[in-house]
Amino acid sequence: MQTKLSRAKSLELFNEAKTVLPGGVNSPVRAFKSIDENPPFIKKADGAYIWDEDDNRYIDFVGSWGPMILGHRNRQIEDALKKVIENGTSFGAPTQIETELAKEVIKLVPSIEMVRFVNSGTEAVMSAIRLARAYASRTNPKKVKIIKFTGCYHGHVDALLVQAGSGVLTLGLPDSPGVTKEATANTVLVEYNNKDSITEAFKLNRGHIAAVILEPIIGNAGCIQPEPGFLEFIREITKANNSLLIFDEVMTGFRVGLGGAQERFNIMPDITCLGKVIGGGLPVGAYGASKEIMAMVAPAGSMYQAGTLSGNPLAMTAGLECLKQIQEPGFYEELEKKAMYLLMRMRGIYPDMQITAAGGMFGFFFTKKPIKNFEDAKANVDTEFFKKIYIKMLEQGVYLAPSAFEAGFISAAHTKEDLDFVLEAFERAVRV
Ligand SMILES: *Cc1c(COP(=O)(O)O)cnc(C)c1O
């Protein structure tokens with residue numbers, strides 16, 4: 001058995017970082033706050049592994065929070081990047097590769113006929129909401145409200161940083177200082193896998209709903225799958241009310257299947273948000289829809305949205321090389337098989353857990369109760385036990401997302417030996 005890893009240098013670097021970066025990081029979850037640990041500082045990565053500054057190796061199930069579906073340092077992406085970097089890194093002018101990546105996205109994502117590239121998932125969502133409102137309000141200027149689900153994360157967009165008020169179905173309240181009441185006043189919160197709450201929201205806001213936005217499979221409250229018929233129901237009720245359906249596939253896109261969750265469940269949203277895998281490890285986001293809807297986006301139409309570095313040639317290149325490789329036959333089946341291999345055996349070792357996987361995305365909850373939404377997860381998941389197990393896994397060289405309410409990611413680079421290593425570590429972790 002591996003002895004407990006020392007992270008002395010990481011701790012030193014973390015303390016130094018805290019003097020110049022808020023909380024020592026550039027995105028909150030990296031600080032490991034929810035498990036009261038100091039995060040390893042990462043020096044390098046390759047395949048399924050990352051190494052920290054103390055030279056400890058970890059099997060990585062975070063994968064940069066989703067993008068690294070091919071594993072780290074994919075040589076095809078690396079070679080392509082080396083080539084294009086010699087031609088310059090940014091022009092702020094149209095380039096051929098943007099069209100190439102757009103064609104690939106349109107080919108793979110069933111509901112997308114035209115696409116706009118941005119730099120992050122947050123930007124994609126922010127723009128998609130603006131587009132939905134612009135489109136819905138053409139015929140009815142009162143259509144400005146957005147229905148959002150508790151537990152779904154859509155980036156740090158003001159209008160979507162909301163929490164439930166005294167009960168769900170109330171208008172959302174700001175979930176962060178700095179977000180104004182006005183910014184969230186047109187956001188209505190409902191529960192995932194709860195049809196009644198959606199019906200009620202449409203009833204209470206008749207004629208005002210521009211769009212419903214959701215993660216078709218939740219990946220930001222742990223991993224939670226839609227119950228049979230749930231997505232169909234949302235598709236129908238949005239159509240019946242002339243409201244748009246936005247699938248935030250920033251996580252599920254190119255992750256749960258080649259065509260994302262919309263292909264997996266055969267439900268076509270009106271607007272799709274993409275991010276993470278689409279950039280192959282470089283910053284790319286995108287939103288896409290039918291040609292009719294996308295015709296509203298400037299300069300084709302009047303809905304303004306722009307970006308200095310959007311369509312950046314390095315980012316487009318990494319994205320294109322990534323999308324080429326995920327089209328290998330059986331690619332997603334293989335990822336899901338590996339995820340289920342790991343999860344089924346984990347549950348064999350520790351039966352009181354819920355497990356789920358979709359393509360290269362997976363989740364487990366330490367609870368006996370099936371979890372159908374964020375409310376369930378908050379009420380039932382044993383977060384103290386998670387914390388204990390998390391630290392023991394980290395000490396043995398297994399890098400999971402540092403929260404009981406995050407999804408895990410498996411890549412093409414993970415081997416059966418890696419998974420068996422994790423299972424042995426898990427067996428030791430639950431034993432003590
Ligand atoms: C990660 C994520 C975002 C935000 O993307 P960023 O690139 O971090 O801005 C939005 N929606 C979903 C579903 C995500 O998982």
Side-chain angles (χ1 to χ4, degrees), residues 25-31 61-69 109 115-132 146-162 175-176 179 187 192 211-226 231 234 245-257 260-262 264-265 269 271-288 305 307 309-312 315-316 318-319 322 358-363 373-374 377 401-403 405-409:
V25 292
N26 282 302
S27 194
V29 72
R30 297 178 196 172
F61 292 98
V62 176
S64 188
W65 297 94
M68 312 313 295
I69 197 162
V109 185
V115 65
R116 165 63 58 85
F117 293 113
V118 292
N119 305 289
S120 70
T122 298
E123 247 188 281
V125 169
M126 188 182 77
S127 311
I129 285 176
R130 185 180 306 146
L131 177 58
I146 304 288
I147 290 182
K148 180 205 180 277
F149 292 78
T150 51
C152 283
Y153 174 70
H154 303 292
H156 63 96
V157 179
D158 272 23
L160 300 179
L161 282 181
V162 293
D175 198 20
S176 161
V179 174
T187 309
Y192 189 80
V212 173
I213 185 167
L214 79 161
E215 294 180 75
I217 298 173
I218 302 187
N220 284 289
C223 188
I224 303 174
Q225 301 252 11
L231 296 176
I234 299 176
L245 174 58
I246 306 173
F247 271 9
D248 179 353
E249 298 227 46
V250 170
M251 188 181 289
T252 54
F254 310 114
R255 170 54 71 177
V256 302
Q262 54 193 265
R264 198 176 165 96
F265 297 109
I271 304 177
T272 303
C273 306
L274 295 165
K276 298 190 170 124
V277 174
I278 197 177
L282 269 76
V284 181
Y287 61 102
Q305 188 272 309
L309 286 157
S310 296
N312 173 272
M316 296 289 105
C322 178
M361 174 175 168
F362 67 87
N373 55 36
F374 186 49
S403 158
F405 305 113
E406 297 281 359
F409 300 107

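Computed from heavy atoms alone, side chains included, the values below leave out hydrogens, waters and symmetry copies. Counting convention: from 1, in listed order, for ligands and their atoms alike. All figures in this text were calculated on a predicted structure; none of them were measured in a lab. Numbering of residues begins at 1 and proceeds along the displayed sequence.
- Atom CD1 in I69 sits 11.0 Å away from atom CE in M361 (nearest 0.5 Å).
- With hydrogens and angles ignored, the 3.5 Å screen pairs no side-chain donor or acceptor of Q262 with any backbone N or O of V109.
- Here the CD1-CZ distance, from I213 to F247, works out to 11.0 Å after rounding to the nearest 0.5 Å.
- Residue, atom and distance of the protein heavy atom nearest to atom 3 (C) of ligand 1 are V250 CG1, 3.7 Å.
- Of all the atoms in ligand 1, the ones that sit under 4.0 Å from a non-hydrogen atom of G121 are 4 (C), 5 (O), 6 (P), 7 (O), 9 (O).
- Using a 4.0 Å cut-off to heavy atoms of T122, the atoms of ligand 1 that qualify are 4 (C), 5 (O), 6 (P), 9 (O).
- Between the R116 side chain and the Q305 main chain, a donor and an acceptor come within less than 3.5 Å of each other.
- Looking at H154, R255, H156, K276, it is K276 that brings a heavy atom closest to atom 14 (C) of ligand 1.
- The ligand atoms of ligand 1 that sit less than 4.0 angstrom from a heavy atom of Y153 are 11 (N), 12 (C), 13 (C).
- Remark: ligand 1 atoms within the under-4.0 Å shell around heavy atoms of S120 are 7 (O), 9 (O).
- Atoms of ligand 1 lying under 4.0 Å from any heavy atom of M251, numbered from 1 in the order shown and given with element: 15 (O).
- In the vicinity of D248, heavy-atom distances shorter than 4.0 Å reach the ligand 1 atoms 10 (C), 11 (N), 12 (C), 13 (C).
- Residue contacts with ligand 1, taken as heavy atom pairs separated by less than 4.0 Å, do not involve T252 at all.
- A heavy-atom distance below 4.5 Å is not found between the side chains of F149 and F374.
- Looking at E215, its side chain does come within 3.5 Å of a backbone N or O of Y153 through a donor-acceptor pair.
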Original post:
Can you list the steps and then say if L214 with I147 is a side chain to side chain contact (heavy atoms under 4.5 Å, CB included)?
Top reply: CA-CA 8 Å; L214 79 161; I147 290 182; over 6 Å; no
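- Ligand 1 places these atoms under 4.0 Å from at least one heavy atom of E215: 13 (C).
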